[in-house]
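Below: one structure, written as structure tokens.
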Amino acid sequence: MCVTATPLARTKRKKVWVDYLVQFRWVLIIFLVLPISVILYFLDYVQEVRSHRKSYNQRKKEHDENIVKVINRLKKRNPSKDGLICTARNPWVTVGMRNVEYKRARHFDINLSAFCNILEINQDTMIIKCEPLVNMGQITKVTVPMNLAPPVVPELDDLTVGGLINGSGLEGSSHLYGLFADIVVAYEIVLADGRVVRATKDNEFSDLFYAVPWSQGTLGLLTCAEIKLIPIKEYVKLTYKPVIGNTLNDLTNAYIDSFSPKFGDEDDKKTTEFVETLIYNPHEAVCMTGNYASRNEAKSDPLKINSIGWWFKPWFYQHAQTALEKGEFVEYIPTREYYHRHTRSYFWENKLLLPFADQWWFRFLLGWMMPPKISILKATQFEAIRNYYHNMHVLQDLLVPLYKLSDALEWAHREMEVYPIWLCPHRLYKHPYKTMVYPEPGFEQQCRQGDTTYAQMYTDIGLYYAPGPVLRGEAFDGSDAVSQMEHWLIENHGFETQYAVSELSEKDFWRMFDGELYEKCRRKYGAVGNFMSVYYKSKKGRKTEKEVQEAENVQLETPYAELDQPTDH
């Protein structure tokens with residue numbers, strides 16, 4: 001029997017003044033961040049209403065006009081004097097821990113703030129055309145009443161189309177449909193020279209189509225994406241199954257068996273539509289599986305209908321945890337509320353920000369103001385608090401092969417002790433091109449559970465919370481822990497999502513990700529010397545003027561050339 005590893009022994013840590021700033025940050029959040037967030041939510045709503053009232057022709061006309069503005073702006077750039085091309089969004093308007101420090105160095109701004117509209121929903125072709133700043137909340141608000149939705153709807157409302165494509169995005173249906181970029185059928189991109197191209201998987205820009213995901217906007221400016229839609233129903237029938245195990249390996253096996261078919265079983269109709277598992281501690285987890293259900297089916301058993309989206313309702317992860325006490329149960333959740341089930345609590349991060357926000361009295365009185373806008377949370381952080389979170393907090397998504405999940409969880413328990421843990425399976429497809437994130441070579445010959453001949457099953461391990469040592473007042477070196485985690489991923493063909501803080505050197509970055517197609521497209525489509533490289537954009541820390549100039553002067557980059565060389569750990 002596999003025995004769960006013992007966490008590392010650590011010395012006690014003496015509190016410093018920043019600890020108290022973080023501990024009482026809830027005062028600033030309640031009296032400043034939440035009120036501002038409510039105002040911003042209202043302004044977003046007004047903008048959505050205005051956009052929805054416009055005709056398709058009007059939205060298309062404005063889109064074309066905005067494209068012209070971008071092209072004209074690019075023509076004004078002097079490559080020898082101006083900085084690298086960069087969007088004009090403020091550094092704090094991002095979802096994630098990584099500070100957007102590259103924007104503090106010299107750069108050439110391109111304003112894309114007007115690209116925030118749904119351009120068209122075509123029920124004949126089952127395609128929705130979205131500009132890059134359209135978020136998941138906007139899409140589901142419009143499509144769900146039509147009984148339509150993208151096959152993959154990442155949980156948080158504020159996640160944008162552009163961020164999910166250029167970064168990474170997945171959801172409980174990704175074990176069927178893959179990552180968010182896998183449901184996109186075409187990209188409209190403005191290249192550095194002002195050309196506007198439409199890239200699909202089978203046209204002359206197919207190489208660009210496969211290179212865009214995970215590129216962080218360093219190949220061109222995404223201005224529109226055409227995304228698949230599927231028919232859906234009004235409710236999700238969700239089954240909560242508690243799992244008690246002696247080890248993390250026991251929990252892993254229960255999770256895999258909850259959804260994963262035998263190798264080669266390509267009949268997705270036999271597979272549940274939604275899958276996720278929450279691990280609350282090394283011995284307890286709740287596996288959740290769900291399928292779409294009609295309104296008539298749900299109303300046939302009205303006592304099982306649970307509208308979890310109301311502001312006064314318990315946070316979803318705490319609601320799911322009740323299965324550990326009362327046993328397996330089933331309920332019907334309105335589909336849109338299910339999609340965004342983790343938004344109010346940002347999974348469980350809001351428990352750290354507002355320790356009492358999950359209490360019934362707070363939910364009833366102020367729950368309607370939740371969640372605080374991530375952008376305002378970041379805008380109100382001091383430098384010292386940002387550094388504190390980098391060192392004393394974990395916000396990472398690790399993509400690991402399904403068969404290595406148990407080893408990954410053991411490592412995370414020993415080194416970080418972050419609970420709860422979110423598990424969400426997803427497919428990594430074999431593509432005509434070798435993309436930055438790709439399945440293990442020869443995986444299909446191993447005939448492992450969950451894999452098919454065309455895709456390898458991976459799992460996202462979501463680690464979002466203060467590590468156990470920090471909660472106990474012990475010493476914890478966040479930078480070292482992340483560095484060790486990244487080397488584990490490299491050795492086990494895993495990947496780190498790029499919204500998170502990274503300690504990777506440039507050489508190790510290209511050991512984790514494959515850069516061949518990406519670099520070919522950078523040269524072919526004129527990104528070299530005009531857009532920063534994806535490593536440069538993801539790199540931790542401030543970007544100096546020297547670094548900017550070096551990036552501008554690079555004419556040929558081959559960071560993946562030495563991947564077969566040993567790396568220093």
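Inter-residue side-chain proximity for Glu155 and Arg341 is flagged as met; some heavy-atom pair is nearer than 4.5 Å. Under the 4.5 Å side-chain criterion, counting only non-hydrogen atoms from C-beta, Val22 is in contact with Tyr389. Contact of the Val470 side chain with the His393 side chain is not registered, since no non-hydrogen atoms from C-beta on lie closer than 4.5 Å. Looking at Phe180 and Leu170, their side chains never come closer than 4.5 Å, going by heavy atoms from C-beta outward. Inter-residue side-chain proximity for Leu395 and Tyr499 is flagged as met; some heavy-atom pair is nearer than 4.5 Å. With contacts defined as side-chain heavy-atom distances shorter than 4.5 Å, the pair Leu229/Ile121 qualifies. Side chains of Trp311 and Leu366 form no contact here, defined as non-hydrogen atoms less than 4.5 Å apart. In this structure, Trp348 and Tyr465 have side chains that are in contact, with non-hydrogen atoms separated by less than 4.5 Å.
Residue Tyr45 places its OH atom among 12 or fewer non-hydrogen atoms of other residues, nucleotides or ligands, all under 6.0 Å distant. Summarising the local packing, NZ of Lys313 is surrounded by more than 12 heavy atoms from other residues, nucleotides or ligands at distances under 6.0 Å. The number of heavy-atom neighbours closer than 6.0 Å to CZ of Phe364, taken from other residues, nucleotides and ligands shown, is 12 or below.
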(request) Start with the C-alpha gap between Tyr255 and Thr459, add the side-chain angles, then the distance that decides, and say whether side chain to side chain donor-acceptor pair (under 3.5 Å) holds. (result) CA-CA 10 Å; Tyr255 160 72; Thr459 280; 2.9 Å; yes
(request) Under the side-chain contact (heavy atoms from CB on, under 4.5 Å) rule, what do Ile128 and Thr143 come out as? Steps first, then yes or no, please. (result) CA-CA 9 Å; Ile128 179 171; Thr143 61; 4.0 Å; yes
(request) Could you walk me through whether Glu415 and Gln484 pass side chain to side chain donor-acceptor pair (under 3.5 Å), step by step? (result) CA-CA 9 Å; Glu415 299 287 341; Gln484 295 298 324; over 6 Å; no
(request) Walk me through it: do Thr343 and Asp157 pass the test side chain to side chain donor-acceptor pair (under 3.5 Å)? (result) CA-CA 6 Å; Thr343 292; Asp157 287 28; 2.9 Å; yes
(request) Walk me through it: do Met416 and Met485 pass the test side-chain contact (heavy atoms from CB on, under 4.5 Å)? (result) CA-CA 10 Å; Met416 293 182 173; Met485 175 201 75; 4.1 Å; yes
(request) Take Ile110 and Thr87, measure what side-chain contact (heavy atoms from CB on, under 4.5 Å) needs, and give me the verdict at the end. (result) CA-CA 5 Å; Ile110 302 291; Thr87 63; 5.6 Å; no
(message) Does Asp358 form a salt bridge (charged side-chain N to carboxylate O under 4.0 Å, His left out) with Arg363? I'd like the steps, not just the answer.
(response) CA-CA 6 Å; Asp358 59 337; Arg363 296 199 313 268; over 6 Å; no
(message) What verdict does the side-chain contact (heavy atoms from CB on, under 4.5 Å) test give for Val236 and Glu273, after you've listed the backbone C-alpha separation in whole Å, the side-chain angles of each residue and the deciding distance to 0.1 Å?
(response) CA-CA 9 Å; Val236 171; Glu273 187 80 25; over 6 Å; no
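Between the Glu486 side chain and the Leu504 main chain, a donor and an acceptor come within less than 3.5 Å of each other. Lys241 places no side-chain N or O within 3.5 Å of a backbone atom of Gly327 that could act as its donor or acceptor partner. Side-chain atoms of Ser258 do not come within 3.5 Å of backbone N or O of Cys287 as any donor-acceptor pair. Distance alone, capped at 3.5 Å, places no donor-acceptor pair between the Asp480 side chain and the Asp477 backbone. Remark: side-chain polar atoms of Glu417 are not paired, donor with acceptor, to backbone N or O of Gly468 under 3.5 angstrom.
Looking at Tyr177 and His426, their side chains never bring a donor and an acceptor atom within 3.5 Å of each other. The closest side-chain donor-acceptor pair between His390 and Ser479, if any, does not fall under 3.5 angstrom. Between the side chains of Gln216 and Thr218, no donor-acceptor pair of N or O atoms lies under 3.5 Å. No side-chain donor from either of Thr223 and Glu131 sits under 3.5 Å from a side-chain acceptor of the other. Under the 3.5 Å distance criterion, with hydrogens and angles disregarded, a donor-acceptor pair is assigned to the side chains of Glu276 and Trp422. Side chain to side chain, Glu331 and His319 meet the donor-acceptor criterion of an N or O pair below 3.5 Å. In this structure, a donor-acceptor pair under 3.5 Å is present between the side chains of Asn117 and Ser51.
The CD1 atom of Ile232 sits 5.0 Å away from the OG1 atom of Thr335 when rounded to the nearest 0.5 Å. Taking SG from Cys86 and CG from Asp109, the interatomic distance works out to 6.5 Å, rounded to the nearest 0.5 Å. Between the NE2 atom of His413 and the CG atom of Asn281 there is a distance of 9.5 Å, given to the nearest 0.5 Å. Distance check, rounded to the nearest 0.5 Å: CG of Asp460 to CD of Glu171 gives 11.5 Å. Atoms CZ and CG, on Phe259 and Leu423 in that order, are 9.0 Å from each other to the nearest 0.5 Å. Note that CG of Leu156 and CD1 of Ile374 are 6.0 Å apart. Values are rounded to the nearest 0.5 Å.
Applying the ring-ring contact (aromatic ring centres under 6.0 Å, His included) test between Tyr338 and each of Tyr332, Tyr292, Phe274 identifies Phe274 as the sole match.
When all heavy atoms of Pro282 and Tyr419 are compared, the pair lying nearest together is CG-OH, 3.4 Å. In this structure, Pro372 and Tyr346 approach most closely via the heavy-atom pair O-OH, 2.7 Å. Closest approach of Trp214 to Thr497, counting heavy atoms only: CZ3-CA, 3.9 Å. Contact record, Val482 with Glu503: CG1-CG, 3.9 Å, taken as the closest heavy-atom pair.
Cation-pi contact between Lys233 and Tyr235: absent, since separation from the ring centre below 6.0 Å together with deviation from the ring axis within 45° is not met. Taking the centre and axis of the six-membered ring of Tyr339, the NZ or CZ atom of Arg336 falls outside the cone set by 45° and 6.0 Å. Both the sub-6.0 Å distance and the 45° axial angle are not jointly satisfied by Arg25 relative to the ring of Tyr20.
Ring centroid separation for the pair Phe513 and Phe509 comes in under the 6.0 Å cut-off. Close placement of the His63 and Phe115 rings is indicated, their centers lying within 6.0 Å of each other.
Salt-bridge formation is not detected for the pair Arg59/Glu62: no Lys NZ or Arg NE/NH1/NH2 atom is positioned less than 4.0 Å from an Asp or Glu carboxylate oxygen. Remark: Asp19 does not engage Lys14 in a salt bridge, criterion side-chain N to carboxylate O under 4.0 Å.
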Ignoring hydrogens and angles, write down the donor-acceptor pairs under 3.5 Å from the side chains of residues 26-42, residues two or more places apart or on other chains.
unit_1 : atom_1 : unit_2 : atom_2 : d
Ser37  : OG     : Val33  : O      : 2.7
Ser37  : OG     : Lys373 : N      : 2.8
Tyr41  : OH     : Pro371 : O      : 2.9

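Taking the six-membered ring where tryptophan is involved, the planes of Trp361 and Phe356 are essentially parallel, since the angle between them stays under 30° and well short of 60°. Between Tyr464 and Phe347, the two ring planes are tilted [angle within 30° to 60°].
Take Glu349 and apply the salt bridge (charged side-chain N to carboxylate O under 4.0 Å, His left out) test, not counting sequence neighbours, and it matches no residue.
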